[in-house]
Amino acid sequence: MDTTTAEITELAQPDPLETSHLDAWYMDDSTEDQRLPHRLKPNEPVSLEHLKKLGVVYWKVNGEEDPKLQAIRDARGYSYKDVITVSPDKLPNYEMKIKSFFEEHIHSDEEIRFVLDGSGYFDVRDFDERWIRIDCRKGDMIVLPEGIYHRFTLDTNNYIKAMRLFVGEPVWTPINRPADEHESRARYQSSFPAPQLVGAH
Ligand SMILES: CSCCC(=O)C(=O)O
Ligand SMILES: [Fe+2]
């Protein structure tokens, strides 16, 4: 059965906040192993609603055959896809790659990942610079917007397999912090401005 344009548009909407579950939390400052959860005690969760304000988009996708995947690709123009496996024995130059994934950086495009297997953490900076850790597992699809400061690490399972999507020819180049003068950073800040804190208390 063909999917109509209206159906594609509907399926590609970010999941309704009340039905989505994505575990995210503010990180502690400990310099212990980056693969540990680094939750605050007590835990300070971060809602999907908050992530949305930072420009992070999320869907739950039920495998590669889920029509939602194709609908999202069609609606957002994700023409390119490949699959990356990050684990000590599957990723060439593993140590170097892992190190560069965890350097705080931005990109001049969205970073789109659909987790096919395993798990890992995407960390993004909040408006006030605090690190938010996002626990991504099988079935989670997230988009980090152009210009957001972020990094990635495996968790203690040391394994993730993810589909990477892109509009057109992929550019994976990280622009390491400081990138405050980069045009993608400026675009990010105008698209997702920090909420006005004056008078908030
Ligand atoms: C989960 S994909 C592996 C990490 C990655 O591709 C990246 O940080 O750019
Ligand atoms: Fe990145």
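In listed order, ligands and their atoms are each counted from 1. When reading the values below, keep in mind they use all heavy atoms of this one structure, side chains included, and skip hydrogens, waters and symmetry mates.
- Taking the ring centroids of Phe101 and Trp172, they lie at or beyond the 6.0 Å cut-off.
- When atom types are taken as modelled, the side chain of Lys68 and the backbone of Lys60 share a donor-acceptor pair closer than 3.5 angstrom.
- Between His105 and His107, the two ring planes are perpendicular [angle over 60°; tilted spans 30° to 60°].
- For atom 5 (C) of ligand 1, the nearest non-hydrogen atom from the set Lys97, Glu103, Arg113, His105 comes from Arg113.
- Taken from CZ in Arg137 to CG in Asp23, the straight-line distance is 8.0 Å, to the nearest 0.5 Å.
- For the pair Arg133 and Asp155, the salt-bridge criterion is not met [side-chain N within less than 4.0 Å of a carboxylate O].
- Listed by chain and number, His105 NE2, His107 NE2, Glu111 OE1, His150 NE2 are the protein N/O/S atoms closer than 2.8 Å to the Fe ion (ligand 2), with waters left out.
- Expressed to the nearest 0.5 Å, how far CD1 of Ile72 lies from CZ of Arg76 amounts to 8.0 Å.
- If you look at Glu111 next to ligand 1, the close heavy atoms, those under 4.0 Å, all belong to the side chain.
- At a 4.0 Å heavy-atom cut-off, ligand 1 touches Phe122 through the side chain alone.
- At the top of the distance list for atom 4 (C) of ligand 1, counting protein heavy atoms only, stands Phe152 CD2, 3.5 Å.
- Arg125 forms no cation-pi arrangement with Tyr149, by the criterion of a distance under 6.0 Å to the ring centre and an angle within 45° of the ring axis.
- Residue contact check: Val86 has heavy atoms under 4.0 Å from atoms 3 (C) of ligand 1.
- Residue-to-ligand polar distances keep Arg164 apart from ligand 1: every N/O pair is separated by 3.5 Å or more.
- Ile112 and Val115 are assigned to two separate hydrophobic clusters, defined by single-linkage of ILVMFWY side chains at heavy-atom distances under 4.5 Å.
- Annotation: side chain of Ile148 is not in contact with side chain of Glu111 (no heavy-atom distance under 4.5 Å).
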